[in-house]
Amino acid sequence: MNPRADPDGEAEASGAGCAEAVVSAGPARPAARAIGVLAGFREPVVLVLLLIAFFTYISGKPLDGVLMVIVAVGLAWDAGRRARARGGVSDAGQAVGALELSLERGRAHGRWRLLGITGMLAGGAVYAGVVGSFSRYSWPATAGIIGLGTVVVLIGWHGPLRHRRVAGRLPLTGALAWAVVLVFGCLWELAALLLQPSITTGSYAHPTISTLTDPVLSTWPGRSVLLAAWLAFGWYLAER
Amino acid sequence: MNSHEITIVGYLAVLGGIATLQVLATRTRVPVPSLGNLLTRAMRSRTGRVGILVAWAWIGLHFFAH
């Protein structure tokens with residue numbers, strides 16, 4: 001298994017604090033284990049994923065909804081399990097150990113890293129070309145997206161691919177400015193969606209991003225370019 | 001200006017806002033974090049990391065999957 005820096009310490013402790021309050025570390029009893037898992041459902045991200053699953057389901061994409069539910073339940077279970085296990089080795093100790101291993105590994109395998117990046121770029125180009133050749137919403141395209149999405153989420157589940165120095169507290173004003181822009185973008189898209197004739201029928205007068213990208217995604221090159229961009233952004237996130 | 005154009009102007013404003021904040025973060029001393037720093041911070045916890053990665057996967061599903 002690839003030893004990677006796990007920077008969960010501080011933030012994870014605050015995020016899973018509710019689970020810790022309910023379940024203390026100790027011998028695993030079925031009832032305590034069940035309570036721990038349920039406590040994981042109190043994580044805000046888990047609730048957001050469940051909401052996404054619900055709205056995705058009612059908007060006519062049941063498969064997406066089921067996948068979101070699976071991830072939400074897995075994340076809740078994981079949060080509860082980690083809260084129970086927190087009585088063992090400290091997160092700080094784990095993070096330092098993982099960082100030292102990561103740095104040593106980085107020095108020893110610098111050359112292999114370059115080869116790996118070249119291979120991934122070639123693989124990404126092939127993936128974008130092949131999956132982009134399938135028409136939208138077809139089962140081959142669906143399998144390609146689900147397969148890759150699952151791999152990246154599983155890779156990211158265990159931590160970033162390489163250590164990054166995390167800046168201290170973010171400037172409040174700047175963070176608020178980002179929040180305003182991003183939330184406005186989400187609300188603008190939501191408004192366009194709700195102003196359509198129905199939730200599944202596009203509108204020229206109030207186009208959503210999906211409607212605006214339809215002409216591009218109707219062609220093979222367009223699909224491949226956007227798939228490559230989606231893939232690159234996923235890798236960028238997995239390294240965060 | 002009709003509603004189609006107004007809607008598009010809204011999207012362009014969001015893109016412009018993102019670009020402006022990123023330039024402020026990387027080219028000036030204005031106390032604004034870059035998008036990368038923001039994401040790194042948000043992905044510091046496992047739930048934040050998995051949540052953002054799943055959101056990314058959902059985008060792919062939304063645009064391409066059945």
Side-chain angles (χ1 to χ4, degrees), chain A residues 7-8 11-12 15 43 45-46 48-49 52 61 63-64 67-68 71 75 78-79 82 131 136-139 141-142 145-146 148-149 152-153 156-157 160 164 166-167 170-171 173-175 177-178 181 184-185 188 192 204-207 209-210 212-213 217 223 226-227 230 233-234 237-238 240, chain B:
Chain A
D8 288 348
E12 191 77 273
E43 290 279 347
V45 170
V46 173
V48 169
L49 289 179
I52 291 174
K61 291 214 161 192
L63 180 62
D64 296 13
L67 291 173
M68 290 292 126
V71 175
L75 199 55
D78 188 61
R82 287 168 68 81
V131 177
R136 287 175 83 188
Y137 312 129
S138 65
W139 284 111
T142 301
I145 297 292
I146 289 177
L148 184 74
V152 172
V153 170
W157 197 291
R164 283 182 187 277
V166 179
L170 296 177
T173 315
W178 276 110
V181 170
F184 174 80
W188 196 258
Y204 176 80
H206 305 284
I209 294 172
S210 301
L212 289 173
T213 52
L217 291 171
R223 286 192 297 273
L226 287 186
L227 273 170
W230 177 72
F233 187 54
L237 289 175
R240 290 282 113 191
Chain B
M1 190 178 259
N2 58 34
S3 58
H4 177 82
E5 290 164 344
I6 291 172
T7 308
I8 289 176
V9 165
Y11 291 128
L12 291 177
V14 173
L15 285 179
I18 291 172
T20 303
L21 288 175
Q22 185 67 12
V23 168
L24 286 175
T26 54
R27 304 286 181 199
T28 70
R29 291 182 175 276
V30 175
V32 174
S34 67
L35 187 59
N37 277 342
L38 205 67
L39 287 169
T40 302
R41 183 76 184 192
M43 297 177 80
R44 199 172 165 191
S45 69
R46 173 165 290 177
T47 46
R49 190 164 57 239
V50 174
I52 287 175
L53 285 173
V54 169
W56 164 81
W58 181 86
I59 290 172
L61 287 170
H62 179 70
F63 283 100
F64 294 98
H66 186 69

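Chain letters run A, B, ... following the sequence lines, proteins first, then strands; residues in each count from 1.
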Quick one, A/V45 and B/V50 - any side-chain contact, counting heavy atoms below 4.5 Å?
no
Within a strict 4.5 Å, meaning less than it, do heavy atoms of the B/F64 and A/L217 side chains meet?
yes
Looking at A/L63, A/I209, A/I146, A/T173, which makes the most heavy-atom pairs under 4.5 Å with chain B?
A/I209
Where B/H62 and A/D64 come nearest, the two heavy atoms and their spacing
N-OD2, 4.1 Å
How close do A/P207 and B/H4 get, counting heavy atoms only, and between which atoms?
CG-ND1, 3.7 Å
A/P171 and B/P33: which non-hydrogen atoms are nearest, and at how many Å?
CG-CD, 3.9 Å
Ring-plane angle category for B/W56 and A/W230, please: parallel below 30°, perpendicular beyond 60°, tilted otherwise.
parallel
Contact part of A/L49 toward chain B, heavy-atom cut-off under 4.5 Å: side chain, backbone, both or neither?
side chain
Against chain A, work out which of B/I52, B/L39, B/L21 has the most heavy-atom pairs shorter than 4.5 Å and name it.
B/L21
Would you call A/I145 and B/F63 a side-chain contact if the rule is heavy atoms closer than 4.5 Å?
no
With respect to chain A, which residue among B/L61, B/V14, B/L38 yields the maximal number of heavy-atom pairs within a distance under 4.5 Å?
B/L61
A quick test of your reading: do over 12 heavy atoms of other residues, nucleotides or ligands sit less than 6.0 Å from CZ of A/F184?
yes
Between A/W188 and B/I6 the two heavy atoms that sit nearest each other are CZ2-O, 3.4 Å
Say you draw a straight line from OH of A/Y204 to OG of B/S3; how long is it, rounded to the nearest 0.5 Å?
9.0 Å
Quick one: of B/I18, B/L15, B/T20, who has the most non-hydrogen atom pairs under 4.5 Å with chain A?
B/I18
For residues 25-32 of chain B, tabulate all N or O donor-acceptor pairs below 3.5 Å that involve a side-chain atom, not counting sequence neighbours.
{"unit_1": "B/T26", "atom_1": "OG1", "unit_2": "B/Q22", "atom_2": "O", "d": "2.8"}
{"unit_1": "B/T28", "atom_1": "OG1", "unit_2": "B/L24", "atom_2": "O", "d": "2.4"}
{"unit_1": "B/T28", "atom_1": "OG1", "unit_2": "B/V30", "atom_2": "N", "d": "3.3"}

At a heavy-atom distance under 4.5 Å, which candidate from A/A175, A/G185, A/A205 has the highest pair count against chain B?
A/A205
B/G17, B/A57, B/G10, B/G51: which one forms the most heavy-atom pairs within less than 4.5 Å of chain A?
B/G10
Go through it in stages, so that I can follow the logic: the residues are A/L212 and B/Y11, the test is side-chain contact (heavy atoms from CB on, under 4.5 Å), and I'd like the CA-CA distance, side-chain angles, deciding distance and then a yes or no.
CA-CA 11 Å; A/L212 289 173; B/Y11 291 128; 3.7 Å; yes
Give me the atom names and distance for the closest heavy-atom approach of A/A192 to B/T7.
CB-CG2, 4.4 Å
By a 4.5 Å heavy-atom criterion (distance strictly below it), what part of A/V71 contacts chain B: side chain, backbone, both, or neither?
side chain
Can you tell which part of A/I52 gets under 4.5 Å to a heavy atom of chain B, answering side chain, backbone, both or neither?
side chain
To the nearest 0.5 Å, what is the distance between OG1 on B/T40 and CG on A/L170?
9.5 Å
Contact origin within A/W139 toward chain B - heavy atom pairs under 4.5 Å
side chain
Answer key: most heavy-atom pairs under 4.5 Å with chain B among A/G234, A/A177, A/A141 is A/G234
